[in-house]
Amino acid sequence: MDFTHKELAQGSWFKLTAMEQLGNIGSEVQRALNWRKKGNASHMTTALYRALDLIDLTAEDPKWRNHRLKELLRTREIFCDFIIGDNQYGIRGPELQKEFLYYAIAARKDT
Amino acid sequence: MSFAYQIILGTALDEKGCHLWEFLSDVNYESMNFKFPSMPEIQIITEKISRDELREIAKPMYGELVKAVVDIDKRIMAVGGELHADEERALLERGSRQENLWGINLYPDQTDENWIEFDSMINVRPSQGNRSRNVEDTSIQIMIRDIIRERIG
């Protein structure tokens with residue numbers, strides 16, 4: 001796979017904890033939601049692409065090759081469906097934001 | 001050995017330790033026709049950078065956004081990393097203090113106030129009372145905007 005985050009794809013992403021990975025993914029999710037709210041389709045789409053790039057990179061990480069992988073890929077699908085699909089799962093933006101923010105706080109709790 | 005290779009090997013030394021360094025030092029890359037993948041380079045901005053230069057830095061990431069970390073004490077910033085955490089580390093290694101570092105995103109083509117976005121994982125710092133990716137203290141936001149005006153033009 002040709003990842004956009006080329007340096008991270010060379011291994012440094014896998015050295016992050018799962019919480020740090022999800023927190024960083026959440027940052028891009030947040031950006032996509034913000035730009036969607038502001039009606040900027042271009043910025044929304046590129047934030048979506050960056051989020052998907054990080055999710056796909058995470059899916060390649062050996063520490064996710066277990067029961068966690070299913071949840072990760074479900075989150076990917078729900079996020080895509082919310083941003084560019086029909087929101088068939090009935091997710092609300094604040095719920096999505098809150099979920100990822102908890103990961104960010106957990107990852108940075110000692111700072 | 002070219003300067004670029006030395007940089008790559010220096011990175012390898014940091015990541016993997018001396019053994020890999022010794023191994024790589026023995027390899028003659030010049031004769032291997034080996035292409036290193038393009039790696040983003042973190043730049044520390046202590047003087048001034050133009051929006052056009054920012055656009056160049058943004059290119060590898062779909063050309064719209066540049067992640068930056070601002071040191072509000074030293075009034076410098078780091079740009080060009082794939083993660084704010086990488087830029088944060090670069091500034092810490094240069095003597096910055098973590099409490100002075102804030103992550104932002106710059107959209108060089110955006111002409112309104114939305115061109116600066118206060119949103120980064122590194123901003124989540126419960127010990128400083130900042131519990132979101134936003135920069136919650138508006139006085140710090142003002143300082144950051146001021147530094148951005150000073151450094152980008």
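Computation of the quantities below employed the complete heavy-atom set of this structure, encompassing side-chain atoms and omitting hydrogens, waters and symmetry-equivalent molecules. Chain letters run A, B, ... following the sequence lines, proteins first, then strands; residues in each count from 1.
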> Are B:Ile144 and B:Val79 grouped together when hydrophobic residues (ILVMFWY) are joined by side-chain heavy atoms under 4.5 angstrom apart?
Replying inline: yes
> Are any of the side-chain nitrogens in B:Glu113 or A:Lys38 under 4.0 Å away from the carboxylate oxygens of its partner?
Replying inline: no
> Got more than 12 heavy atoms from elsewhere within 6.0 Å of OH, A:Tyr49?
Replying inline: no
> Can you name the closest pair of heavy atoms from B:Glu82 and A:Lys6 and give their distance?
Replying inline: OE2-N, 2.8 Å
> Which one of B:Gln110, B:His84, B:Arg131, B:Glu99 has the most heavy-atom pairs closer than 4.5 Å to chain A?
Replying inline: B:Gln110
> What part of A:Ser42 gets closer than 4.5 Å to chain B, counting heavy atoms only: side chain, backbone, both or neither?
Replying inline: both
>> So, using side chain to side chain contact (heavy atoms under 4.5 Å, CB included) as the criterion, who are the partners of A:Thr4 when residues are at least two apart?
In response: A:Asp53, B:Met61, B:Tyr62
>> At a 4.5 Å cut-off on heavy atoms, which part of A:Leu16 comes close to chain B: side chain, backbone, both, or neither?
In response: side chain
> To the nearest 0.5 Å, how far apart are CG in B:Asn134 and CD in A:Gln30?
Replying inline: 9.0 Å
> Which value, rounded to the nearest 0.5 Å, describes the distance between B:Tyr107 atom OH and A:Thr46 atom OG1?
Replying inline: 7.0 Å
> Got more than 12 heavy atoms from elsewhere within 6.0 Å of CD, A:Glu71?
Replying inline: yes
> Quick one: side chain to side chain contact (heavy atoms under 4.5 Å, CB included) partners of B:Asp52, sequence neighbours excluded?
Replying inline: B:Ser50, B:Arg55
> Can you tell me how far CG of B:Leu83 sits from CG of A:Asn24, rounded to the nearest 0.5 angstrom?
Replying inline: 5.0 Å
>> Starting from B:Val135, can I reach B:Ile147 by hopping between I/L/V/M/F/W/Y residues whose side chains sit under 4.5 Å apart?
In response: yes
>> With side-chain contact (heavy atoms from CB on, under 4.5 Å) as the criterion, how do A:Arg31 and B:Leu65 come out once you've worked through the C-alpha distance, each side chain's angles and the decisive distance to 0.1 Å?
In response: CA-CA 11 Å; A:Arg31 272 162 220 145; B:Leu65 161 151; 4.1 Å; yes
> What's the spacing between A:Glu28 CD and B:Asn105 CG if we round to 0.5 Å?
Replying inline: 7.5 Å
>> Can you tell me if B:Lys48 has over 12 outside heavy atoms packed within less than 6.0 Å of its NZ?
In response: yes
> Would the number of heavy atoms belonging to other residues, nucleotides or ligands and lying under 6.0 Å from CZ of A:Arg68 be above 12?
Replying inline: yes
> Do you know which two heavy atoms are closest between A:Ser27 and B:Met121, and how far apart they sit?
Replying inline: OG-CG, 3.5 Å
> Do we see a donor-acceptor contact under 3.5 Å between the side chains of B:Glu64 and A:His43?
Replying inline: yes
